Structures are given as structure tokens and as C-alpha cells.
Amino acid sequence: DIVGADASEDAVSAAAVALLAMLHDCPHIGRTEAMKIKQTFGPFPASAATLACTSIQGLLKKLPKIRKRIEDSDSAASQSNGESSEKKNVAFGEKITFDCTAPTELYAVHAS
């Protein structure tokens with residue numbers, strides 16, 4: 001109901017992922033969540049948002065490992081530490097070693 005009854009399967013799947021990301025950590029639809037949903041999808045029935053929230057919370061209660069992964073990825077995205085910024089500034093190929101000694105058999109073939 002949030003994306004519309006005539007929405008394609010891809011649109012419904014994308015909306016489900018977006019709603020999961022928005023509502024995974026809230027027990028009910030508050031003003032903030034309602035504004036996020038409205039900004040993303042436009043006007044929506046309050047009952048559909050409540051049903052989505054209830055469904056997401058029910059799913060996450062049954063799947064605690066998935067909930068932990070979502071929370072871990074959220075905290076990793078919101079926190080940047082020195083190590084991750086150092087990794088971003090490493091030049092490509094910096095740790096690749098190069099051996100410029102040529103095999104001796106190549107010299108023997110070309111010398112003849």
C-alpha cells in the first residue's frame with residue numbers, strides 16, 4: 001500500500017529494503033519515521049506504515065543474527081575511525097613488490 005497497488009515487483013522489493021533500513025530500530029511509527037516515509041514514498045496510509053513496522057519488528061525478532069548485522073553495518077557506517085581512513089588513503093599497488101632481477105636463462109638465449 002505504501003508504494004501503490006500497481007507498482008512493479010522491483011519497486012515493491014526496493015520499497016521493502018528501504019522500509020527495513022528506515023524502520024529496523026523503531027518499535028512504532030512516530031513523527032520522525034512518518035516524515036521519512038512520506039519524503040521517500042509520498043503520502044501513505046498510516047495503517048500501512050504501522051503494518052510495515054510491525055512486520056519488520058516481528059521478522060527481526062525471529063532473526064536475531066540479521067538484526068545484529070544491520071546494527072553492525074549501521075554503526076560501522078556512522079563511525080569512522082583512524083584505521084579506516086588510513087586504508088582509504090593507501091595508493092593503489094603500494095604494497096605490491098616488484099623484482100627486477102631477470103632470470104639468467106633469458107640472458108643466455110639472447111647472448112648467443
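Only this structure's heavy atoms are used, side chains among them; waters, hydrogens and symmetry mates stay out. As the structure is a prediction and not an experimental result, all values here were calculated from the model. Numbers here simply count residues along the sequence, with the first being 1.
- Heavy atoms only, all atoms of each residue included: Met22 and Phe41 are closest at CE-CE1, 3.8 Å.
- Here the closest non-hydrogen pair linking Cys26 and Cys53 is O-SG, 3.5 Å.
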Under 3.5 Å, which donor-acceptor pairs do the side chains of residues 7-16 form with other protein atoms, sequence neighbours left out?
unit_1: Ser8; atom_1: OG; unit_2: Ala11; atom_2: N; d: 3.1
unit_1: Ser13; atom_1: OG; unit_2: Glu9; atom_2: O; d: 3.1

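- How far CD1 of Ile29 is from OG1 of Thr54: 8.0 Å, rounded to the nearest 0.5 Å.
- Nearest heavy-atom pair across Ala49 and Ile37 is CB-CD1, 4.0 Å.
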Inset, instruction - For Thr40 and Leu19, run side chain to side chain contact (heavy atoms under 4.5 Å, CB included): C-alpha distance rounded to whole Å, both residues' side-chain angles, the deciding distance at 0.1 Å, then the answer. - result: CA-CA 9 Å; Thr40 304; Leu19 286 168; over 6 Å; no
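- Gln57 contributes a side-chain N or O that, together with a main-chain N or O of Leu23, makes up a donor-acceptor pair within less than 3.5 Å.
- Gln39 contributes no side-chain N or O that, together with a main-chain N or O of Lys36, makes up a donor-acceptor pair within less than 3.5 Å.
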